[in-house]
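Worksheet for the structure shown next.
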Amino acid sequence: MSKVAMSACADYQPQNVQTAVDDILSQLGGLQNFVKPNQKVFIKVNLVREMSPDKHGTTHPEVVIALVNELSKITPHIVVGDSCGGLYTKGVMNTVYNKCKMTDISARTVATLNDDFDFQTVDLKGKVMQKCEIINAFVNADVVINMTKLKTHSFAGYTGAVKNLYGLIPGLIKVELHSRFPDLGDFCNLLCDIEQYASQKIVLHVIDGVIGMEGAGPTNGKPKFIGQILAGANPYELDVVAVSLFGKPFQMPLLQVAKERGLVSDDLSTIDFDFSTLKDKFVNDFDVPEVTSANTFLNMPKWVKKLAKTHLTKKVKINKNKCRGCGKCVTHCPAQALKVVDKRAKISQSKCIRCYCCQELCPFDAVQLKKTLMYRVLHAFSHTKNKK
Ligand code: SF4
Ligand code: SF4
């Protein structure tokens, strides 16, 4: 059992963030419990794509700066980075660093931004994946601190500590893996495999939940005030606490899979955190994507899952008024279900595996998710039943 620490933070004013980060580190016994002098530390942030911190889809630079301020008292060797959802190249990542204001971190602290965009194949020896490409920034570090954003995710339900580790996989290889693991249960197992491999180096996970994202996350949802920064050494337990701020953690497919694998327990007394303190912090009206219906099918035969995916998950629709025909979605679609015709993206529904990478990466918010008829009928039915 490891401790989960949480501290209230009203906004991203540097002093308020520093106070909250200092408080969670103090609750955890101090950063020296996790990092030794002069170790090379990689801080893995969440930079899903180029977007301003004001959109609240990426780790806020002020939270990273507050941590680096403390970390630099132990070691000067600190590198900050991520592999975003698109190409993993110097040009792309520099754009992302600028837009996400990661450049504030390198300007105001001793930390540098990762400029090694190479990767290595490592032995994962996981349940669904044996070998995997992992970015050099992780491989070359002595220890790693995972700093993510608390937000919804149209495909996986939410993004927290465990999901953020998908960014250890370089650029477009992530797209290939979506294609290899189109089934949500398999994809969650892949995330657990990556976490199990990464746990050899990750000493601490931090979640920026000051302002998170609800609705169509991880990039097109709405900012939502949650008012907390959380941290812990166990990413599953940390995610359980984080999701408990707005929903039911074990309705999330990832935590359900992790529970089935024995990586976390739904007996909350096994987690070193006082859940009674969440009562007055719970965000009642948080808009969580309805991926939870897919949970029912996690252990069903493949053909049942395919039917469920076709009829009970949302369809991708291109908003022609917003689409600029940039082709970014086409490049990143793992199923080759998109093409640009007459300067607008066009989707082949029969090829689409509903991974929602296009929605995640479209810079113009032109990819929308629409409920199918069956989806609407079943959800209306279940809501009526619940009311009774
Ligand atoms: S849907 Fe978005 S990413 Fe795709 S072509 Fe249109 S604007 Fe570009
Ligand atoms: S069209 Fe979008 S949701 Fe469908 S497979 Fe391609 S990227 Fe995934």
Side-chain angles (χ1 to χ4, degrees), residues 47-52 55 57-58 83-89 91-92 95-96 99 151-159 163 166-167 169-188 190-191 215-221 253 289-291 293-294 297 302 305-372 374-375:
L47 304 177
V48 56
R49 69 167 159 85
E50 71 279 17
M51 59 195 299
S52 157
K55 303 266 184 198
T58 52
S83 157
C84 67
L87 290 170
Y88 189 51
T89 62
V92 169
T95 306
V96 171
K99 194 84 184 181
K151 55 185 178 172
T152 49
H153 194 284
S154 298
F155 179 55
Y158 82 101
T159 297
K163 173 72 178 64
Y166 197 50
I169 294 171
L172 295 182
I173 295 174
K174 288 198 279 290
V175 176
E176 278 173 47
L177 291 178
H178 269 297
S179 169
R180 268 180 67 189
F181 297 95
D183 173 76
L184 182 55
D186 293 342
F187 186 73
C188 291
L190 171 65
L191 293 174
T219 55
N220 289 315
E290 287 166 323
V291 290
S293 59
F297 302 95
K302 293 263 180 211
K305 288 200 234 187
K306 199 171 173 205
L307 266 180
K309 189 154 202 166
T310 307
H311 297 293
L312 297 178
T313 60
K314 292 177 190 168
K315 285 204 294 196
V316 170
K317 190 164 184 281
I318 307 295
N319 182 327
K320 291 202 166 62
N321 295 324
K322 288 186 172 181
C323 176
R324 311 250 187 110
C326 69
K328 195 163 184 179
C329 58
V330 178
T331 315
H332 298 95
C333 173
Q336 286 89 48
L338 289 158
K339 56 185 174 181
V340 173
V341 179
D342 296 333
K343 298 187 182 158
R344 296 288 181 273
K346 196 171 175 207
I347 182 168
S348 161
Q349 294 292 351
S350 61
K351 287 185 182 171
C352 176
I353 58 171
R354 300 194 184 165
C355 66
Y356 308 137
C357 290
C358 49
Q359 187 219 22
E360 190 171 321
L361 294 171
C362 173
F364 303 105
D365 196 14
V367 179
Q368 294 172 339
L369 304 183
K370 296 280 175 197
K371 296 171 181 175
T372 62
M374 181 73 86
Y375 184 110

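Ligands are counted one by one from 1 in listed order, and the atoms in each one are counted from 1 as well.
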Closer than 2.8 Å to atom 4 (Fe) of ligand 2, which protein N, O or S atoms?
Cys352 SG
Nearest protein heavy-atom contact for atom 4 (Fe) of ligand 1: which residue, which atom, what distance?
Cys329 SG, 2.3 Å
Just which atoms of ligand 1 are under 4.0 Å from any heavy atom in Phe364?
7 (S)
Ignoring hydrogens and geometry beyond distance, is a side-chain donor-acceptor pair present between Ser154 and Lys314 at under 3.5 Å?
no
Nearest-contact summary for atom 8 (Fe) of ligand 1 - protein heavy atom, Å
Cys326 SG, 2.3 Å
Do Phe187 and His178 have side chains that get closer than 4.5 Å, going by heavy atoms?
yes
Looking at Cys323, which atoms of ligand 1 are within less than 4.0 Å of one of its heavy atoms?
1 (S), 5 (S), 6 (Fe), 7 (S)
For atom 7 (S) of ligand 1, grab the closest protein heavy atom and report residue, atom and distance to one decimal in Å.
Arg324 N, 3.3 Å
Looking at Leu338 and Cys333, what are the two nearest heavy atoms and their distance?
CD1-CB, 4.0 Å
Using a 4.0 Å cut-off to any heavy atom of Gly325, which atoms of ligand 1 qualify?
5 (S), 6 (Fe)
Using 0.5 Å steps for rounding, measure from the SG atom of Cys358 to the NE2 atom of His332.
11.5 Å
Closest non-hydrogen atom pair between Val367 and Val316, with its separation
CG1-CG1, 3.6 Å
I need the nearest protein heavy-atom contact for atom 2 (Fe) of ligand 1: residue, atom name and distance, please.
Cys362 SG, 2.4 Å
Shortest non-hydrogen pair, Gln359 vs Gly217, comes out as OE1-O, 3.8 Å
Do you know which two heavy atoms are closest between Gly215 and Thr152, and how far apart they sit?
O-OG1, 2.8 Å
Would you mind checking if Lys163 and Glu360 are paired as a salt bridge, meaning a charged N to carboxylate O distance below 4.0 Å?
no
Minimum heavy-atom separation for Leu184 to Phe155, with atom names?
CD1-O, 3.6 Å
